[in-house]
Amino acid sequence: MVSLQHAHHRSGQGPRPRRSRLAVVSAATAATLGIAFLNAPSADAGHARDAGSHGSHHGHAGGHSPAYLNAKLPTKLRVADLLGRMTLAEKIGQMAQAERADVTDDPTQISRLGLGSVLSGGGSVPAANTPAAWADMVDGFQREALKTRLGIPLLYGVDSVHGHGNLLGATVFPHNIGLGASRDAKLAEKIGHITAIETRASGPQWAFAPCVCVARDDRWGRTYESFGESPALVRRMETIIDGLQGRKGQMDQRDHVLATAKHYAGDGLTTYKDTPDDANDYPIDQGIDEVSRAEFAKLALSPYPDAIRKHHVGSVMPSFSSVDWTEDGLGNPIKMSANKELITGVLKHAFGFKGLVISDWRAIHQLPGTYTDQVEVSVNAGIDMFMEPFSGDTVGYPQFIQTLTQLVNSGAVPMSRIDDAVRRILTVKFDLGLFEHPFTDRSLMNTIGSPAHRAVARQAVAESQVLLTNHDRTLPLSKQAPVYVAGSNADNIGNQAGGWTLTWQGSPTGVIPGTTIRAAIDAATDAPVTYSQDASAPVPAGANGVVVVGETPYAEGPGDVNGPAWAPNGIQTMQLSAADQAAIRTVCSAAATCTVLVVSGRPLIIPPDLLGQIDALVASWLPGSEGAGVADVLFGARPFTGKLPVTWPRTLAQEPINVGDANYDPLFPYGWGLTTGRR
Ligand code: GLC
């Protein structure tokens, strides 16, 4: 069942659609966007299927099977043959994606409607949250899809944004902001590969990751999903796509999945507009980019050409946000899901994207007009598959199919647009090998959460730690002196994992297998360790204090500063809680040395008087399941090497503040990070 939060957010209680008039940006925009990108490469010749795989599950004997089932033929020919056999209903069915909760009650909808895909929204997990139950669930839906006349296999998507975070027992990696701090592109590729293994071995063949967002205002609730505020840094970390998909032509293997570059484009470029009167609104998430075409090209579009040409990302997800060109005068925001010039003109033509464009969750419902208007505009804008999760009394995939059918029959949506969308969807399914191997290959299932996978996550945690201050070489700590551990996030694996973990929003009570920072400290030192979350226990003489502070979990708009009142883990402020500030004061006044670790999805404001009492300050970000990586750098088993992926502000009023700004005066600049030798 969809997690409460997800249902809440999803039931229309979420953000009010922002005012945006419907207009297609003129064709000239592509040029004036200042996009000096090379001509799109020649149409992809498709991949010759490897000789070994044969379409077996259709029961066609040998030579009688239709061309599209012949794995020896190039994908392009298989797609053309299959497309030529499809009815309009079969084509439109492929363009619809349902949520698992809505098809679980009646899986025959998949075969009756010929659905192209099913997804798990955040926290939408099978009754038993185990790898086998996931694989059984996905394979059950797949069996339904294969009952259709042409037996087109189903795509199953999930938000594996820091490992397969919805799956209990998966290796949970640091969120992207921590990977950005590591600057380690090779490690990102390894993480992508392990994420692909743990995702595909449990069934899903599609990860809605990575976010290639460039986070510019840290008050945004999705800052931690970004690799950082610099497009160059984001591009550097796109190697995670190679890990997820493998090289060109390897997506059909059991250790690779379809990746998604998201959210196209400018999801991290929106303007913060706090409307305190509306408890349900998001002050910045899903907002409006009020930028020039040149700024948009530099800060929003620039991660995509590499993702497409260098890393061959197979899908792209448009952003909920809108763009309002400053050159045209503000007041005409256009939703990305309606933006034909940017999706078809720029992404598909100028950038040469040949994969599939998947809408975000009910994003088309934020467009102006009736549902018919919304479907017409978003299909004609170039979106190929529609995350229209619901059925029943909430408008979703059944109505989508009916509405689009009417629009094609009336000529409002040309068949050429439908064929383009279905061609892209089928190409991805052939490239994933789903026609030859539609069911889960479980041979790697026993590697899910394995020590080897966790060791890579532990290394990533260590490399993501950023040492901001280190007076009198406080760090690394001696293993001979007692340690005193305090703070809200010292012993809370739910908080250290953050959003998109077991549930959509994540939770302080979301327990996953792994190691908290406190447990890691216990294991790392031979000396006695005292733990007292509120620092009420006495501090032993000569003890080194470690206070682990930070945020409670969140995802998307609920994570915006001054976000909606219904945010399940509280309203976020980017300030340290009173309890954490008190713990710091207590420990820093009593312990021999005082180290503060900030476990958060973004920089937090450190009051100057508090900063003056701290000996060593570390940005720990959201480490995930392997807290041991924090202890590794604390005690010198590994050196501190991390660098800030985002600017660390002095005050909230400085946001947005980014490297390259005029009068740039942060507490710690972009790229800042002290190093320590090994002890
Ligand atoms: C969410 C997010 C998107 C995610 C999708 C499916 O609203 O915007 O990043 O992939 O829905 O969970």
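Side chains are part of it too, since the values below use all heavy atoms of this structure and drop only hydrogens, waters and symmetry mates. Every number for a ligand or one of its atoms is a count from 1 in the order of the listing.
Against a heavy-atom cut-off of under 4.0 Å, Lys262 is close to the following atoms of ligand 1: 3 (C), 4 (C), 9 (O), 10 (O). Of all the atoms in ligand 1, the ones that sit under 4.0 Å from a non-hydrogen atom of Phe208 are 10 (O). Taking every heavy atom of Trp361 and a limit of under 4.0 angstrom, the matching atoms of ligand 1 come to 7 (O), 11 (O). Counting the atoms of ligand 1 from 1 in the order shown, those under 4.0 Å from a heavy atom of His263 are 3 (C), 8 (O), 9 (O). Listed by number with element, the atoms of ligand 1 under 4.0 angstrom from any heavy atom of Met317 are 3 (C), 10 (O).
A salt bridge does not link Arg602 with Glu655: none of the charged nitrogens is closer than 4.0 Å to a carboxylate oxygen.
Side chains of Ser160 and Thr199: a donor-acceptor N/O pair is present below 3.5 angstrom, by distance only. Side-chain polar atoms of His175 and Glu225 form no donor-acceptor pair below 3.5 angstrom.
In this structure, the salt bridge (charged side-chain N to carboxylate O under 4.0 Å, His left out) partners of Arg417, at least two apart in sequence or on a different chain, are Asp384, Asp420.
Side-chain rings of Tyr304 and Tyr264 approach one another, their centers coming within less than 6.0 Å.
In this structure, Glu225 does not count as a contact residue of ligand 1, since none of its heavy atoms falls inside 4.0 Å of the ligand. Between Phe320 and ligand 1 there is a heavy-atom distance shorter than 4.0 Å.
Classified by interplanar angle (parallel below 30°, tilted 30° to 60°, perpendicular above 60°), the ring pair Phe390/Trp361 is perpendicular.
Contacts between Arg362 and ligand 1, counted as non-hydrogen atom pairs separated by less than 4.0 Å, are absent for every part of the residue.
Here's the thing with Arg222: one of its N/O atoms is less than 3.5 angstrom from an N/O atom of ligand 1.
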